[in-house]
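See below for the structure under consideration.
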Amino acid sequence: MSSVASADKAVSPPPAEKPAQGRALPVNLRQSGIYIAFGLIVALFAVLTGGQLLSPQNISNIIVQNSYILILSIGMILIIIGGHIDLSVGSVVAVTGAIAAVLMVEHNVPWPLAVLLTILAGAAIGAWQGYWIAYFEIPAFIVTLAGMLVFRALTLTVLGNQGIGPFPDEVRTIANGFLSGYLGNIGLGPLGGADLFTLLVALALVGGYVAFGWRNRQGRIGYGQKVEPLTVFALKNALAVVVVMFMAVQLARFKNMPWVLVLLGVLVLGSTLVMNRAVFGRHVYALGGNPLAARLSGIKVKSVSFWLFVNMGVLSAIAGIVFAGRLNQAGPTAGNMFELDAIAAAFIGGAAVQGGVGKVIGAITGGLIMGVINNGMSLLGAPSERVMLIKGLVLLAAVAFDIWAKRRAGTSR
């Protein structure tokens, strides 16, 4: 009788739509805390600046001014999820920007070919560092620290103490330009006119996000897994829709959608699909979670590490082109401290210090938090040392929260 009862108990699936017992909150703070913090920071600076933070022009400025850090944060969080670190990305941004300038300005190479060659140069740099890390098993901290010095030296060798520019108009448009009003403007009452194409893109984006979330939720229910309550799911999606549409309306009211936002969207979508749907993404998580177990399970950990750094080199080259195009010249000090901003964005966005945890959208959110702090403090006229103080405290709080959440999850089992 007892064996039959235990068998019935094992077969019956757990309740699907109830949060785990003992939780004080119906949401996962470790996953959702970053978005709550982002909302609170935006609300705080919006109040302190009298709404200036959320003006159409300022929202556009935040995206354009922080685009290269957001691009770097995509590659950096993949590196950190895999259990590594990259201290060289700022120097790689500088040297690839210098390569692009030499090709386009000094040798008059057509800009599409120059961009391609620059990206290939970034991939070669990533392959060089990935080779020593993956196949010689030198710690990434050491290899990329050496790379930070080597590639900064190469930048100074190529440029000397002067910048090279100006860049072609097409490259500057990628960094600073905006989409044309393909479908014209529509009236929004007291808000004025707005670009219809930008609004339609935003509607398609939020529609796809909600549909994907609902499909994923139903799939988990079908497998008998626990999911968040329907009300929490609905509130989270409603909040995401409101935020995205608000930003889209503000961008559409200013100068339409920035080209660099389109580029960033493509990179985020591609990286998210790779990490969530591709075998390579699962291998990256496995590598960062437990390298020995990943190796014993048959994962080619050396190959995974190698390609992570190739990807980081490519994204650094793209960021280098965007940054140089924004300044309209390649300078010897370009990329200074970019690696620290990218690392901070990844950790603030939810990456674990030990690896194996993190999401691309979390890194983007972390980068936006850094950008909002920079922009908000600037609007308030705060000195640079106070900005550095706030950013440092935010980074420390994010890592402390990650450790606290991990310990709380361990003690609740």
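The structure presented is a predicted model; accordingly, all values stated were derived computationally and were not measured. Numbers here are sequence positions counted from 1.
- Formation of a donor-acceptor pair under 3.5 Å by the Thr198 side chain with backbone atoms of Ala252 is not found in this model.
- Between the side chain of Ser55 and the backbone N or O of Gln52 there is at least one donor-acceptor pair closer than 3.5 Å.
- Relative ring orientation between Tyr68 and Phe338 is described as parallel, the plane-to-plane angle staying below 30° on a 0-90° scale split at 30° and 60°.
- Here Lys391 pairs with Asp341 under the salt bridge (Lys or Arg N to Asp or Glu O under 4.0 Å) rule; sequence neighbours left out.
- Counting only N and O atoms by type, the side chains of Gln218 and Arg215 include no donor and acceptor under 3.5 Å apart.
- Side-chain atoms of Asn375 and Asn58 form a donor-acceptor pair, as typed in the model, at a separation below 3.5 Å.
- Contact between Ala240 and Tyr209 at its shortest, heavy atoms only, is CB-CE2, 3.8 Å.
- Aromatic ring centres of His84 and Phe309: separated by under 6.0 Å.
- Shortest non-hydrogen contact noted between Ala351 and Ile80 is CB-CG2, 3.9 Å.
- The closest donor-acceptor contact from the side chain of Ser378 to the backbone of Asn374 lies at 3.5 Å or more, if one exists at all.
- Between the CZ atom in Phe151 and the CG atom in Leu156 there is a gap of 13.5 Å [rounded to 0.5 Å].
- Checked by atom type, the side-chain pair Gln129/Ser88 shows a donor-acceptor distance below 3.5 Å.
- Aromatic ring orientation, Trp128 versus Trp132: perpendicular (interplanar angle above 60°, classes split at 30° and 60°).
- Considering CD of Gln250 and CD1 of Ile59, their distance stands at 4.5 Å, rounded to 0.5 Å.
- Within the 3.5 Å criterion, the main-chain N or O of Asn176 finds no donor-acceptor partner in the side chain of Arg326.
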